[in-house]
Every structure is written in structure tokens, then in C-alpha cells.
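Along the sequence shown, residues carry numbers from 1. Whatever order the structure lists them in is the order used to number ligands and atoms, beginning at 1.
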Amino acid sequence: MSKLEVYQTSENGIVKLGLKVWDRTASLADLLECWQPLCDDETIFKAYGQGHHAACKGCPNNCCNTAYVIPDLISFRKMAANLHISEPQFVQDWFEPDKLALGLLKLKANPCIFLQEGICSIYPLRSLICRFYICTELTPDTEQLIYFIAWSGAAATQIYARQQGYLPAPAASGYTSFDRFFIELADACQDLPGVKAFFAADDYRDIPLEYFL
Ligand code: SF4
Ligand code: SF4
């Protein structure tokens with residue numbers, strides 16, 4: 001029996017995706033394996049997909065055109081290694097300069113710097129936020145879980161980059177409300193086991209899902 005299951009349910013007439021964890025020994029890799037087929041599942045309503053029931057591949061409204069991506073720490077390290085550049089070089093060349101000046105890591109966007117001819121050029125290494133995003137409704141518990149995981153991974157990158165000296169000191173002003181939310185989140189959750197797990201992990205299989213349940 002699978003450790004996790006994705007199901008569809010109806011709440012107040014709206015079809016939503018939910019996640020059931022059957023086995024608390026599951027890892028983050030188990031969750032990603034379970035979540036991955038959703039992009040190609042044409043039975044799932046996709047608000048911005050062509051005809052609303054289509055695979056993400058070939059989507060005319062590709063969310064990679066506008067995504068705000070702060071990579072989780074596992075993805076961040078793998079992206080830099082895959083490009084054969086140092087992490088400081090990766091930060092300087094692949095992240096938005098205006099956000100870097102504020103001490104924040106946002107991949108160059110509009111469209112995402114990794115998008116080539118409509119396709120993600122680092123698909124196997126893409127970040128958690130990219131892996132989890134799907135333009136459909138989620139049950140509240142499921143939404144809370146996947147964003148808790150994705151933001152924990154992004155917070156780990158923010159903390160790591162700061163510790164390594166890749167980022168300047170925070171600026172006095174110039175932040176959007178989202179920027180502030182994220183900085184406060186990274187500060188507040190740096191001691192959570194789920195965030196710490198990203199520092200010790202080489203891969204998503206090393207991160208117990210239980211830290212987020
Ligand atoms: S998740 Fe992104 S790529 Fe997939 S249908 Fe929605 S907008 Fe298109
Ligand atoms: S990293 Fe890949 S999946 Fe994520 S926004 Fe960029 S192109 Fe899209």
C-alpha cells in the first residue's frame with residue numbers, strides 16, 4: 001500500500017485536491033512522487049490550463065512566466081552544482097539584483113530564467129514551490145501542508161545564504177509586503193525541525209514528512 005494518496009473531493013460544490021498520509025514514516029521524496037503525476041492528469045481542473053482539463057505541458061498560460069521562486073535549499077545547491085558554478089556566482093548571476101540588494105533570493109523572473117522555449121531547463125532539479133504549484137483548489141489542510149514544506153525549504157536557503165555571506169545586510173526600506181512576510185517567516189522558523197532538516201539533507205528522501213504533519 002502507498003504511504004500517501006492524493007484524492008479529489010467536493011467542498012461547497014468546489015472540487016478540491018486533498019492529500020492523505022497513510023504512513024507517517026513517509027519522506028518528502030514520497031510526497032513528491034505522489035504529487036508529480038498531477039501536472040499531467042487531465043481529470044484535474046486547472047484554472048489557467050487550456051480547456052481547464054489538460055496537462056501542464058504546452059499550457060499557454062505557463063505559470064513559469066510569472067512565478068516568484070525562492071529555491072529550497074536542496075534545489076538551490078543542486079542548481080548551482082548542475083551549472084558548474086560556485087554558489088556565490090549562482091546568486092550573483094541568476095537572482096534578481098533588486099531583491100539581492102534587499103538581502104532576498106528570488107530567481108530572475110518574468111519569465112523564469114530557467115524557462116527555455118516554454119520548457120523548464122532544470123526540470124529534475126526544480127524547486128519545491130515549482131513541484132507543488134498547480135492551479136487548482138486544494139483542501140485547507142493540504143494547502144497548509146505543502147506551503148509549510150515549500151516555505152520551510154525556501155527559508156532554509158535564505159538562512160544558509162545569509163550564514164555563508166552570500167547576501168548583503170537587510171536594507172532599511174524597499175520591501176514589498178511579501179518580502180517582509182518572507183523575511184519574518186525565515187527568522188521565525190529557523191529552529192523548526194523541518195527547516196533544520198534541509199541543512200542536513202542531500203536529497204528530499206532525507207527529509208521526514210513527519211516534521212510537517
Ligand atoms: S499549473 Fe501552470 S502550467 Fe499547469 S495548467 Fe496551471 S498555469 Fe498552466
Ligand atoms: S525553475 Fe523551472 S519549473 Fe520553476 S518557474 Fe523556473 S522554469 Fe518554471
*What atoms of ligand 2 come closer than 4.0 angstrom to any heavy atom of C130?*
1 (S), 3 (S), 4 (Fe), 5 (S)
*asked:* Could you tell me, atom by atom, which parts of ligand 2 come under 4.0 Å of a heavy atom of I122?
replied: 1 (S)
Give a yes or no on whether a salt bridge exists between [X] and [Y], defined as a side-chain N under 4.0 angstrom from a carboxylate O.
X: K99; Y: D179; value: yes
X: E210; Y: R24; value: yes
X: K16; Y: E11; value: yes
X: R77; Y: D72; value: no
X: D203; Y: K78; value: yes

Closest protein heavy atom to [atom], given as residue, atom name and distance to 0.1 Å:
atom: atom 2 (Fe) of ligand 2; value: C120 SG, 2.4 Å
atom: atom 6 (Fe) of ligand 2; value: C112 SG, 2.3 Å
atom: atom 8 (Fe) of ligand 2; value: C64 SG, 2.4 Å

_Is the ring pair F132/W35 parallel, tilted or perpendicular, if the boundaries are 30 and 60 degrees?_
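Geometry flag for W35 against F132: perpendicular rings.
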*Hey, what's the ring geometry for W94 with F114, parallel, tilted or perpendicular (30° and 60° as the breaks)?*
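Ring orientation, 0 to 90° scale: parallel.
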*With 2.8 Å as the limit, jot down which protein N, O or S atoms are around atom 4 (Fe) of ligand 1.*
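As for protein N, O or S atoms lying under 2.8 Å from atom 4 (Fe) of ligand 1, they are C56 SG.
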_Any donor-acceptor pair under 3.5 Å linking the side-chain atoms of Q92 with those of Y166?_
no
